[in-house]
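Working notes, structure below.
Per chain, numbering begins at 1; letters A, B, ... match sequence-line order. All figures in this text were calculated on a predicted structure; none of them were measured in a lab.
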Protein chains: 2
Amino acid sequence: MADKHELRDKGLRLTPQRELVLSAVRELGHATPEEVAEKVRATHPGINLSTVYRNLETLENVGLVQHTHLGHGGATYHAAEELTHLHLVCSDCGSVGDAPINAAANFVQNLADDYGFKTDVTHFAVYGLCAACVK
Amino acid sequence: MADKHELRDKGLRLTPQRELVLSAVRELGHATPEEVAEKVRATHPGINLSTVYRNLETLENVGLVQHTHLGHGGATYHAAEELTHLHLVCSDCGSVGDAPINAAANFVQNLADDYGFKTDVTHFAVYGLCAACVK
DNA sequence: GACTAATTGCGACTATTTCGCAACTGCCGA
DNA sequence: TCGGCAGTTGCGAAATAGTCGCAATTAGTC
């Protein structure tokens with residue numbers, strides 16, 4: 001398992017809980033801490049919710065996962081390697097769609113040129129109505 | 001004060017609390033429910049937090065205020081007439097800058113053309129580093 | 001001025017996330 | 001291979017944030 005190196009290389013201890021949290025995030029795509037905990041409990045029922053929160057934070061600090069705010073309030077976590085897309089959150093049906101980062105390329109450029117603002121496209125949710133709800 | 005007509009015209013009762021909440025939102029620019037409550041309490045100490053929440057919701061339903069998610073978790077409220085700008089939230093210093101909506105015009109157009117997604121620019125926070133923190 | 005329905009205040013309650021602390025366990029060095 | 005230390009976990013308590021039910025109050029109408 002290459003995971004071992006991955007975590008160890010970041011200076012983290014390799015615990016079963018930590019591996020489970022990381023792989024749960026990877027399998028789920030987008031997930032709230034609650035969902036991650038649920039997923040992890042499927043194979044390791046004793047895991048504590050605090051542990052999930054702490055590991056998400058730890059994994060985020062070393063850059064293996066990242067979180068995004070999708071609107072409601074709670075954060076949503078992603079594996080860092082999947083953060084190659086924007087999130088299109090539908091305000092009506094709540095669905096989360098994806099679009100490639102370069103859809104925003106000129107927007108990002110505008111903000112950089114005009115305001116010196118360096119947009120973090122990966123930590124960025126776009127609100128609106130999805131194609132289905134527009135109708 | 002034109003406020004009376006404004007609220008009555010929307011079919012709302014004109015209560016002191018409601019006027020205070022609305023004018024607090026207008027004076028504050030961006031504000032969390034907590035900040036609105038604090039502002040209102042300056043002139044009307046007895047007001048209840050629930051009342052603030054309920055009025056923000058009511059005012060939002062009739063279109064006088066709107067909320068945006070600026071990242072952390074809590075919603076931030078604005079007077080509807082001030083929602084003519086994007087929010088540039090700095091992930092480092094936490095400052096909230098503004099940019100005109102049309103900075104995103106072609107981005108919005110891209111999303112509409114390519115994904116049928118109708119972006120709500122007013123309910124939309126952009127994360128990144130402000131000019132000061134980029135340095 | 002009186003009636004009705006909307007609104008308020010209050011307290012309880014839920015959900016979400018954080019924290020302290022004792023117990024446990026990976027990992028490093030001998 | 002063994003031992004010790006620091007990082008990690010589990011657990012319960014505690015902040016935080018927002019919602020809800022209900023009785024009392026009050027704005028708007030006639």
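Taking every side-chain heavy atom of A:Arg54 into account, D:dG10 is the closest of D:dA17, D:dG10, D:dG21. Looking at the side chain of B:Tyr53, the nearest of the listed nucleotides D:dT9, C:dT16, D:dT19 is D:dT19. Among C:dT8, D:dA27, C:dT16, the nucleotide with an atom closest to any side-chain atom of B:Asn55 is C:dT8.
Look at A:Gln17 and you'll find a side-chain N or O under 4.0 angstrom from OP1 or OP2 of D:dG10. When the side-chain nitrogen and oxygen atoms of A:Thr15 are compared with OP1 and OP2 of C:dG26, none of them lie within a distance under 4.0 Å.
The CD atom of A:Glu19 sits 12 Å away from the C1' atom of C:dG26 (whole-angstrom rounding). For A:Leu49 and D:dA13, the CG to P distance is 16 Å, given to the nearest whole Å. Here the P atom of nucleotide D:dT9 and the CG atom of A:Leu12 are 10 Å apart, to the nearest Å. Between the OH atom of A:Tyr77 and the C1' atom of C:dT16 there is a distance of 12 Å, given to the nearest Å. Atoms CG (B:Leu14) and P (D:dT25) sit 21 Å apart, rounded to a whole Å. Rounded to whole Å, atom C1' of C:dT17 lies 13 Å from atom NE2 of A:His67. Atom CD of A:Glu38 and atom C1' of C:dA15 are 15 Å apart (whole Å). To the nearest angstrom, P of C:dG20 lies 16 Å from CG of A:Asn48.
Backbone-only engagement by B:Arg18 is indicated by non-hydrogen atom pairs under 4.0 Å involving sugar-phosphate atoms exclusively. Among the protein residues, A:Ile47 comes within range of the sugar-phosphate backbone only, with heavy atoms under 4.0 Å from sugar or phosphate atoms but none that close to a base. Among the atoms of the strands shown, base atoms are found under 4.0 Å from some heavy atom of A:Ser50.
Mapping B:Glu57 and B:Pro16 onto DNA chain D via the closest heavy atom, the residue that lands nearer the 5' end is B:Glu57.
The pair A:Arg26-A:Glu6 counts as a salt bridge, with a side-chain nitrogen and a carboxylate oxygen less than 4.0 angstrom apart.
Rounding to the nearest 0.5 angstrom, the gap separating the CD atom in A:Gln66 from the NE2 atom in A:His123 is 8.0 Å.
Partner of B:Arg41 under the side-chain contact (heavy atoms from CB on, under 4.5 Å) criterion, out of B:Leu20, B:Asn48, B:Leu49: B:Leu49 alone.
In terms of polar N and O atoms assigned as donor or acceptor, the side chain of B:Arg13 never comes within less than 3.5 Å of the base of D:dG28 in a complementary pairing.
Taking a 6.0 Å sphere around CD of B:Glu38, one finds it holds 12 or fewer heavy atoms contributed by other residues, nucleotides or ligands.
A donor atom on one side chain and an acceptor atom on the other are found under 3.5 Å apart for A:Glu60 and A:His67.
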